[in-house]
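Notes for the one structure printed next.
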Amino acid sequence: EVNVTMGTYSKALGNYGGFVACSEQMRAWLVNRARSFIFSTSPPPSVIGGCLAALQVLQSEPGLGKRLLERAEAFRTLLERAGLDTGASRSQIVPIIVGTNEMALRVASRLRAKGIVTVPIRPPTVPSGTARLRLSVTLAHEWDDLEFAASAVCDAARAEGLIV
(Lines give C-alpha, C1' and ligand atoms only; values in the text may rest on other atoms or scores of the structure.)
Protein backbone atom coordinates (compact mmCIF):
# COMPACT_ATOMS: atom_id res chain seq x y z
CA GLU A 1 0.00 0.00 0.00
CA VAL A 2 3.00 2.30 -0.41
CA ASN A 3 2.50 4.85 -3.20
CA VAL A 4 6.16 5.44 -4.04
CA THR A 5 9.44 3.89 -2.96
CA MET A 6 12.69 5.60 -3.94
CA GLY A 7 16.28 4.53 -3.53
CA THR A 8 19.75 5.58 -4.48
CA TYR A 9 22.37 3.65 -6.38
CA SER A 10 25.08 6.10 -5.37
CA LYS A 11 25.27 5.98 -1.57
CA ALA A 12 23.72 2.55 -1.20
CA LEU A 13 25.55 0.72 -3.98
CA GLY A 14 28.56 2.90 -4.74
CA ASN A 15 27.27 3.66 -8.21
CA TYR A 16 25.27 6.41 -9.89
CA GLY A 17 21.61 7.42 -10.03
CA GLY A 18 18.60 5.96 -8.31
CA PHE A 19 15.21 4.37 -8.79
CA VAL A 20 11.53 4.91 -8.16
CA ALA A 21 9.18 1.95 -7.68
CA CYS A 22 5.52 2.82 -8.04
CA SER A 23 2.27 2.03 -9.77
CA GLU A 24 1.89 2.44 -13.53
CA GLN A 25 -0.36 5.45 -12.93
CA MET A 26 2.21 7.16 -10.69
CA ARG A 27 4.98 6.35 -13.20
CA ALA A 28 3.01 8.03 -15.99
CA TRP A 29 2.42 11.08 -13.80
CA LEU A 30 6.12 11.32 -12.86
CA VAL A 31 7.28 10.91 -16.45
CA ASN A 32 5.07 13.81 -17.50
CA ARG A 33 5.32 16.07 -14.44
CA ALA A 34 8.65 15.58 -12.67
CA ARG A 35 10.67 18.49 -14.01
CA SER A 36 14.09 17.06 -13.17
CA PHE A 37 13.17 13.76 -14.80
CA ILE A 38 11.85 15.24 -18.03
CA PHE A 39 15.31 16.30 -19.20
CA SER A 40 17.22 13.27 -17.93
CA THR A 41 18.01 9.98 -19.58
CA SER A 42 17.95 6.45 -18.30
CA PRO A 43 21.09 5.05 -16.69
CA PRO A 44 23.57 3.50 -19.12
CA PRO A 45 23.88 -0.31 -19.15
CA SER A 46 27.22 -0.11 -17.32
CA VAL A 47 25.52 1.55 -14.33
CA ILE A 48 22.82 -1.12 -14.22
CA GLY A 49 25.52 -3.82 -14.48
CA GLY A 50 27.43 -2.22 -11.62
CA CYS A 51 24.29 -2.10 -9.50
CA LEU A 52 23.51 -5.74 -10.18
CA ALA A 53 27.08 -6.72 -9.29
CA ALA A 54 26.87 -4.69 -6.06
CA LEU A 55 23.62 -6.45 -5.13
CA GLN A 56 25.26 -9.83 -5.75
CA VAL A 57 28.16 -8.87 -3.44
CA LEU A 58 25.71 -7.77 -0.75
CA GLN A 59 23.79 -11.05 -1.05
CA SER A 60 26.96 -13.11 -0.73
CA GLU A 61 28.40 -10.97 2.11
CA PRO A 62 25.45 -9.58 4.10
CA GLY A 63 27.66 -8.26 6.92
CA LEU A 64 29.41 -5.64 4.78
CA GLY A 65 26.96 -2.88 5.64
CA LYS A 66 27.35 -3.46 9.37
CA ARG A 67 31.16 -3.45 9.09
CA LEU A 68 31.06 -0.20 7.12
CA LEU A 69 28.84 1.50 9.69
CA GLU A 70 31.11 0.29 12.51
CA ARG A 71 34.13 1.86 10.79
CA ALA A 72 32.25 5.10 10.22
CA GLU A 73 31.17 5.20 13.86
CA ALA A 74 34.75 4.63 15.05
CA PHE A 75 35.95 7.44 12.78
CA ARG A 76 33.20 9.77 14.01
CA THR A 77 34.12 8.95 17.61
CA LEU A 78 37.74 10.03 17.03
CA LEU A 79 36.54 13.34 15.62
CA GLU A 80 33.95 13.96 18.33
CA ARG A 81 36.41 13.18 21.14
CA ALA A 82 38.60 15.96 19.75
CA GLY A 83 35.66 18.36 19.95
CA LEU A 84 34.47 18.38 16.34
CA ASP A 85 30.78 18.49 15.44
CA THR A 86 29.82 15.58 13.18
CA GLY A 87 26.11 16.35 13.18
CA ALA A 88 23.40 13.74 13.37
CA SER A 89 24.54 11.48 10.54
CA ARG A 90 25.01 7.83 11.41
CA SER A 91 25.90 6.67 7.90
CA GLN A 92 29.27 6.20 6.22
CA ILE A 93 29.12 9.86 5.18
CA VAL A 94 30.69 11.87 7.98
CA PRO A 95 30.05 15.61 8.04
CA ILE A 96 32.26 17.96 10.00
CA ILE A 97 30.28 21.11 10.66
CA VAL A 98 32.62 24.12 10.69
CA GLY A 99 30.20 27.06 10.35
CA THR A 100 31.35 29.49 7.69
CA ASN A 101 32.07 29.01 4.01
CA GLU A 102 35.55 30.44 4.48
CA MET A 103 36.35 28.00 7.28
CA ALA A 104 35.16 25.05 5.22
CA LEU A 105 37.38 26.11 2.32
CA ARG A 106 40.43 26.70 4.55
CA VAL A 107 40.16 23.37 6.37
CA ALA A 108 39.55 21.52 3.08
CA SER A 109 42.66 23.17 1.63
CA ARG A 110 44.77 22.08 4.62
CA LEU A 111 43.48 18.52 4.27
CA ARG A 112 44.14 18.45 0.53
CA ALA A 113 47.76 19.40 1.26
CA LYS A 114 47.94 16.24 3.41
CA GLY A 115 46.45 14.07 0.67
CA ILE A 116 42.91 13.95 2.03
CA VAL A 117 40.22 14.99 -0.41
CA THR A 118 37.07 16.36 1.19
CA VAL A 119 34.26 18.37 -0.28
CA PRO A 120 33.26 21.65 1.37
CA ILE A 121 29.46 21.78 1.48
CA ARG A 122 28.15 25.33 1.67
CA PRO A 123 24.84 27.19 1.46
CA PRO A 124 22.48 26.91 -0.26
CA THR A 125 23.10 23.15 -0.08
CA VAL A 126 23.06 23.42 3.74
CA PRO A 127 21.57 26.16 5.95
CA SER A 128 23.59 29.34 6.38
CA GLY A 129 26.09 29.07 9.23
CA THR A 130 26.37 25.27 8.92
CA ALA A 131 29.02 24.93 6.20
CA ARG A 132 30.75 21.62 6.55
CA LEU A 133 33.21 19.16 5.13
CA ARG A 134 31.92 15.85 3.89
CA LEU A 135 34.07 12.75 4.26
CA SER A 136 33.11 9.24 3.21
CA VAL A 137 34.32 6.11 4.95
CA THR A 138 34.59 2.99 2.80
CA LEU A 139 35.51 -0.63 3.47
CA ALA A 140 38.77 0.10 1.65
CA HIS A 141 39.80 2.31 4.58
CA GLU A 142 41.78 0.34 7.13
CA TRP A 143 41.98 1.44 10.77
CA ASP A 144 45.36 3.11 10.14
CA ASP A 145 43.79 5.14 7.32
CA LEU A 146 40.97 6.31 9.57
CA GLU A 147 43.36 7.25 12.38
CA PHE A 148 45.54 9.17 9.91
CA ALA A 149 42.53 11.01 8.48
CA ALA A 150 41.11 11.84 11.91
CA SER A 151 44.50 13.14 13.05
CA ALA A 152 44.83 15.27 9.91
CA VAL A 153 41.30 16.65 10.32
CA CYS A 154 41.98 17.51 13.95
CA ASP A 155 45.31 19.15 13.08
CA ALA A 156 43.65 21.25 10.38
CA ALA A 157 40.79 22.19 12.73
CA ARG A 158 43.26 23.22 15.44
CA ALA A 159 45.28 25.27 12.97
CA GLU A 160 42.09 27.15 12.04
CA GLY A 161 40.99 27.61 15.67
CA LEU A 162 37.97 25.30 15.49
CA ILE A 163 39.20 23.17 18.39
CA VAL A 164 41.85 23.56 21.06
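Numbers for residues simply follow the sequence, beginning at 1. Fair warning: this is a prediction, and the values are worked out from it, not measured in the lab.
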Task: Cluster link F75 to L64, ILVMFWY, side chain under 4.5 Å - done: yes

Task: Approximate separation, where rounding is to 0.5 Å, of N15 CG and C51 SG - done: 4.0 Å

Task: Atom pair CD/OG1 of Q92 and T138 - distance to nearest 0.5 Å - done: 9.5 Å

Task: Whichever hydrophobic residues join L105 through chains of side-chain contacts under 4.5 Å - done: none

Task: Separation of L133 CG from T86 OG1 (nearest 0.5 Å) - done: 12.5 Å

- [ ] Report the C-alpha separation of L78 and V153 in whole Å, then their side-chain angles, then the decisive distance to 0.1 Å, and conclude whether the side-chain contact (heavy atoms from CB on, under 4.5 Å) test is met.
- [x] CA-CA 10 Å; L78 292 173; V153 168; over 6 Å; no

TODO: Report yes or no: do W143 and E147 form a side-chain donor-acceptor pair below 3.5 Å?
DONE: yes

Open item on the list: List the residues meeting salt bridge (charged side-chain N to carboxylate O under 4.0 Å, His left out) with D145, not counting sequence neighbours, and say none if there are none.
Closed with: none

TODO: Please answer whether the main-chain N or O of R132 pairs with a side-chain N or O of R134 as donor and acceptor at a distance below 3.5 Å.
DONE: no

- [ ] State the CG-OH distance between L55 and Y9, to the nearest 0.5 angstrom.
- [x] 8.5 Å

Task: salt bridge (charged side-chain N to carboxylate O under 4.0 Å, His left out) involving E160 - partner list, sequence neighbours excluded - done: R106, R110

Task: I121 CD1 to I96 CD1 distance, which is reported to the nearest 0.5 Å - done: 11.5 Å

TODO: Report yes or no: do V117 and V137 belong to one cluster of Ile/Leu/Val/Met/Phe/Trp/Tyr joined by side chain heavy-atom distances under 4.5 Å?
DONE: no

Open item on the list: To the closest 0.5 Å, what do you measure between CG (L84) and CG (L162)?
Closed with: 7.0 Å

Open item on the list: Show every side chain to side chain donor-acceptor pair (under 3.5 Å) that has at least one partner inside residues 46-59, sequence neighbours left out.
Closed with: none

Task: ring pair (Phe, Tyr, Trp, His ring centres under 6.0 Å) involving F148 - partner list, sequence neighbours excluded - done: none

Open item on the list: Please determine whether salt bridge (Lys or Arg N to Asp or Glu O under 4.0 Å) holds for the pair R27 and E24, giving the CA-CA distance in whole Å, both sets of side-chain angles, and the decisive distance to 0.1 Å.
Closed with: CA-CA 5 Å; R27 186 196 69 78; E24 179 63 32; 2.8 Å; yes

Task: Any residue meeting salt bridge (charged side-chain N to carboxylate O under 4.0 Å, His left out) with R76, in chain and number order, not counting sequence neighbours - done: E73

